[in-house]
Amino acid sequence: MPTVQLLQSLHAPDVRPVEIHYREFGYGRPLVFLHGGWGYRVYPFARQIDSFQNEFRILIPDRSGYGHSTRVAGEMPLDFHRRAAAETIQFLDALGVDRAVLWGHSDGAVISAMTGLAAPHRCECLILEAFHYLRKKPGSRAFFERFDARPEELGEETRRLLAADHGETHWPAVLRRNCGVWFRIADNVKRPEEDLYDGRLSELRVPTLFLHGSLDPRTEPGEMERVRQELPSSEMKFVENGKHSPHSEEAAYAESNRIAGEFLQTIR
């Protein structure tokens, strides 16, 4: 399994150097998949690898704190998305990748957007799937609190995938770090409408596709409408029958690949 070493990373501030494990497939223009908050294996990009590896060099890093990359202890910082965006740029630097397509899922979508804001010249385009805009997610509060407190209540298959990704004894800590940070972010909100981008999402100047499940349970009422107001020139496609991970869901992956493929054909 290939790895690269970073001298340091804001996403793992107490560890030096930081080792990043990644998966690599195919040839062509760089396409980087950024996983969500539970890691890669629960929502894998296997069907996208099959569909796009003949046209793209696919890179899938485990962020520090996930998978086979450097482990990180303690609470996740409230600005972890911004820190992970900086780590993403370091990962590209380590592999000598000047520009890439970024396809981020859930937390990975937030990180992709923040990478686009911080370093637009490094992003050929963005595919933002299961996007989060708001800091406060009351509809998901009970979900985050439940699995922060009792990760063992997850289904057997999900537990198996998490263990395969992060280790048999370590996966509950990974889950607790991610679930816990979301309600701590919410508890630090002064106004319910505060967004994760400090009011700067409208400054994004990278070609962007929002790919969203029409049934996503982690989306607040009106959340994607707010996104559309911020970025009216971006593309926004809702995947029928898609939930929080259209790219990996049996009922939604084919439509997700079609939408993404058509968008990528317009970016040259």
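The shown structure was predicted, so the numbers you read here are calculated from the model rather than taken from an experiment.
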Side chains of [X] and [Y]: do they bring a donor and an acceptor to under 3.5 Å?
X: Ser112; Y: Thr115; answer: no
X: His247; Y: Glu129; answer: yes
X: Ser214; Y: Glu240; answer: no
X: Thr208; Y: Glu235; answer: no

Do you know the tightest heavy-atom contact between [X] and [Y]?
X: Arg200; Y: Leu117; result: O-CD2, 3.5 Å
X: Val181; Y: Pro77; result: CG2-O, 3.6 Å
X: Gly36; Y: Ser106; result: CA-CB, 4.3 Å
X: Pro61; Y: Ile20; result: CB-CG2, 4.0 Å

Using a strict threshold of under 4.0 Å (side-chain N to carboxylate O), is an ion pair present between [Y] and [X]?
X: Glu145; Y: Arg141; result: yes
X: Arg82; Y: Asp79; result: yes
X: Arg191; Y: Glu193; result: yes
X: Glu156; Y: Arg159; result: no
X: Glu124; Y: Arg29; result: yes
X: Arg47; Y: Glu250; result: yes
X: Arg228; Y: Glu225; result: no
X: Arg150; Y: Glu153; result: yes
X: Glu24; Y: Arg57; result: yes
X: Lys136; Y: Glu194; result: no

Requested in this report: Take atom NZ of Lys237 as the centre, draw a 6.0 Å sphere, and report whether it contains more than 12 heavy atoms from other residues, nucleotides or ligands.
Outcome: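 Atom NZ in Lys237 is not crowded, with 12 or fewer foreign heavy atoms closer than 6.0 Å.
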Query - Heavy-atom neighbours of Arg258 CZ exceed 12 at 6.0 Å - result: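 Enclosed.
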If you define the side chain from C-beta out and look only at heavy atoms, does anything of [X] sit under 4.5 Å from [Y]?
X: Glu87; Y: Ser64; value: yes
X: Asp165; Y: Trp171; value: no
X: Thr88; Y: Ile111; value: yes
X: Cys125; Y: Leu264; value: yes
X: Thr266; Y: Glu262; value: no
X: Lys137; Y: Glu220; value: yes
X: Phe210; Y: Leu231; value: yes
X: Ile60; Y: Ile49; value: yes

Requested in this report: Evaluate salt bridge (charged side-chain N to carboxylate O under 4.0 Å, His left out) for Arg122 paired with Asp93, printing each intermediate quantity in order.
Outcome: CA-CA 10 Å; Arg122 306 299 296 272; Asp93 288 343; 2.8 Å; yes
Verify the cluster assignment for [X] and [Y]: are they in a single hydrophobic cluster under the rule of side-chain heavy atoms below 4.5 Å apart?
X: Leu10; Y: Leu6; result: no
X: Phe56; Y: Trp103; result: yes
X: Leu209; Y: Tyr133; result: no
X: Leu126; Y: Leu31; result: no
X: Leu92; Y: Leu204; result: yes

Query raised in the report: How far apart are the C-alpha atoms of Tyr66 and Tyr40, what are their side-chain angles, what is the distance that settles it, and do they pass the ring pair (Phe, Tyr, Trp, His ring centres under 6.0 Å) test?
Result: CA-CA 8 Å; Tyr66 289 89; Tyr40 176 75; over 10 Å; no
Going from [atom1] on [X] to [atom2] on [Y], what distance comes out if it is rounded to the nearest 0.5 angstrom?
X: Arg184; Y: Asp148; atom1: CZ; atom2: CG; value: 9.5 Å
X: Leu78; Y: Phe80; atom1: CG; atom2: CZ; value: 9.5 Å
X: Leu128; Y: Leu211; atom1: CG; atom2: CG; value: 9.5 Å
X: Ile127; Y: Leu102; atom1: CD1; atom2: CG; value: 9.5 Å
X: Glu203; Y: Glu230; atom1: CD; atom2: CD; value: 9.5 Å
X: Leu215; Y: Glu249; atom1: CG; atom2: CD; value: 8.5 Å

Query raised in the report: What's the verdict on side chain to side chain donor-acceptor pair (under 3.5 Å) for Glu19 and Thr70, showing C-alpha distance, side-chain angles and the deciding distance?
Result: CA-CA 5 Å; Glu19 191 168 85; Thr70 291; 5.9 Å; no
Query raised in the report: Once the angle between the rings of Trp38 and Phe147 is folded into 0 to 90°, is it parallel (under 30°), tilted (30 to 60°) or perpendicular (over 60°)?
Result: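 Aromatic pair Trp38/Phe147 classed perpendicular.
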Query raised in the report: What is the ring orientation for Phe33 with Phe45, classed by angle as parallel under 30°, tilted 30 to 60°, or perpendicular over 60°?
Result: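 Parallel.
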is_close_aromatic([X], [Y]), centroid dist under 6.0 Å:
X: Tyr43; Y: His35; result: no
X: His81; Y: His132; result: no
X: Phe144; Y: Phe183; result: no

Query raised in the report: Would you find a donor on one side and an acceptor on the other, under 3.5 Å apart, between the side chain of Gln48 and the backbone of Ser248?
Result: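 Such a contact is absent between Gln48 side chain and Ser248 backbone.
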Report task. With ring pair (Phe, Tyr, Trp, His ring centres under 6.0 Å) as the test, would you mind laying out the steps for Tyr197 and Phe131 before giving the verdict? Result -> CA-CA 12 Å; Tyr197 311 90; Phe131 189 67; 5.5 Å; yes
Report task. Tell me, please, which residues at least two apart from His68 pass side chain to side chain contact (heavy atoms under 4.5 Å, CB included). Result ->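 Result, side chain to side chain contact (heavy atoms under 4.5 Å, CB included) vs His68: Met1, His21, Asp62.
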